[in-house]
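In what follows, residues are counted from 1 in the order of the sequence shown. Quantities reported herein were computed from a predicted structural model and do not represent experimental measurements.
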Amino acid sequence: LWPDGTGRRSKMRVLCLGASITEGYTFQPDGSFYPYSKRLKELLSYHCKAPVEIDTMGVSGEKVINSMSERLDRTLKESKQHYDWIVIQGGTNDLGYQEKSGDIVAALCRMHDRARETGARTLVLAIPQFSLEDTPSCKAYKEAKAKVNDGLREYCEETHSQSVFVDLHGKLPHTTLSQEERRKYWCDGLHMTPLGYDRMAEVVFDTLKEYV
């Protein structure tokens, strides 16, 4: 954001791209969604004292490899707007399909490279916790996820704050919560309740506010 001639700030434009976690899947009988971007917009608007416009583009079940990366490219080519920040969260579905961790990191990094070509800065959201990841049957999943998140963190360090890492895994706990807390914030082992998505927005905002 940049101050204009009157001392006010210009409109901030944000793109939130991802799969079901970005779309705000809540596992509700009515099929309703509650994207974290709803609360994020409120937090940014209050913080910046300026209009904030957020485009939310989440597609449940989508993988980063091939599908999401191609969708980002199409979106940026077709968009008539300039985004100040592009927030990308993905990789969970790729892990579920047993894609190689190195391939997932490479695909996500290419997406952030492509996003920054437009002049935007990016937020790199880590893959969050999964309820069964501490069980023996999910050992390989947990190890692969750790490699992806570590790779994304290292990538951000190399961009000198042009891409900023958001540690959803560490700051959105699941496995260490009480049963009551899990019911409050998580609707299943992977997706969140509206309160959980509000908490996710707060985690994203806590990182982003240092740069706007």
Lys/Arg N to Asp/Glu carboxylate O, [X] vs [Y], below 4.0 Å:
X: E180; Y: R183; result: no
X: R71; Y: E62; result: yes
X: R121; Y: D84; result: no
X: K184; Y: E181; result: no

Hey, is the main chain of [Y] close enough, under 3.5 Å, to the side chain of [X] for a donor-acceptor pair?
X: S45; Y: E42; answer: no
X: D94; Y: V64; answer: yes
X: T176; Y: P173; answer: no
X: R182; Y: H174; answer: yes
X: T193; Y: T26; answer: no

Rounded to the nearest 0.5 Å, how far does [atom2] of [Y] lie from [atom1] of [X]?
X: C16; Y: Q89; atom1: SG; atom2: CD; value: 11.0 Å
X: I88; Y: L108; atom1: CD1; atom2: CG; value: 7.5 Å
X: N149; Y: E154; atom1: CG; atom2: CD; value: 11.0 Å
X: D167; Y: L125; atom1: CG; atom2: CG; value: 10.0 Å
X: L44; Y: S37; atom1: CG; atom2: OG; value: 10.5 Å
X: R39; Y: I54; atom1: CZ; atom2: CD1; value: 11.5 Å

Consider only side-chain N and O atoms of [X] and [Y], and report whether a donor and an acceptor are under 3.5 Å apart.
X: T122; Y: H112; result: yes
X: D188; Y: Y25; result: no
X: Q81; Y: R13; result: yes
X: S60; Y: S20; result: no

Derivation and outcome, salt bridge (Lys or Arg N to Asp or Glu O under 4.0 Å), residues R199 and E202:
CA-CA 5 Å; R199 177 60 187 137; E202 292 165 4; 3.4 Å; yes

Answer with yes or no after comparing the ring centroid distance for H47 and F205 against a 6.0 Å cut-off, counting only values under it.
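Ring centres of F205 and H47 closer than 6.0 Å.
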
Is there a side-chain contact between [X] and [Y] in this structure, where contact means two heavy atoms from C-beta onward sitting under 4.5 Å apart?
X: Y141; Y: T92; value: yes
X: L17; Y: M68; value: yes
X: V87; Y: L15; value: no
X: I127; Y: H169; value: no
X: L208; Y: W85; value: yes
X: T207; Y: F165; value: no
X: D55; Y: Y83; value: yes
X: M200; Y: I21; value: yes

Crowding at [atom1], [X] (>12 non-hydrogen neighbours, <6.0 Å):
X: Y185; atom1: OH; result: no
X: K63; atom1: NZ; result: yes
X: Q98; atom1: CD; result: no

Measure from NZ or CZ of K49 to the centre of the six-membered ring of Y46 and say whether it is under 6.0 Å with the direction within 45° of the ring axis.
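Checked: cation-pi criterion met.
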
Can you see which heavy atom on [X] is nearest to which on [Y], and at what distance?
X: W186; Y: L172; answer: CZ2-O, 3.6 Å
X: A107; Y: I65; answer: CB-CG1, 4.1 Å
X: S163; Y: V124; answer: CB-CG2, 3.9 Å
X: A115; Y: L76; answer: CA-CD1, 3.9 Å
X: K209; Y: D206; answer: CG-O, 3.6 Å
X: L190; Y: F130; answer: CB-CD1, 4.3 Å

Among the clusters formed by ILVMFWY side chains lying less than 4.5 Å apart, do Y36 and V59 turn up in the same one?
no

Show your reasoning for whether side chain to side chain contact (heavy atoms under 4.5 Å, CB included) applies to V52 and K11.
CA-CA 6 Å; V52 175; K11 179 183 290 186; over 6 Å; no

Step by step, would you call Q129 with T175 a side chain to side chain donor-acceptor pair (under 3.5 Å)?
CA-CA 7 Å; Q129 293 186 14; T175 58; 3.3 Å; yes

Apply side chain to side chain contact (heavy atoms under 4.5 Å, CB included) to R116 and T159, showing your working.
CA-CA 10 Å; R116 293 205 315 276; T159 69; 3.9 Å; yes

Let me see the working for E53 and M12 under side chain to side chain contact (heavy atoms under 4.5 Å, CB included), right down to the final yes or no.
CA-CA 6 Å; E53 183 178 292; M12 182 181 187; over 6 Å; no

Given K139 and K142, is the side chain to side chain contact (heavy atoms under 4.5 Å, CB included) satisfied, shown in steps?
CA-CA 5 Å; K139 180 180 178 182; K142 184 176 182 179; 5.9 Å; no

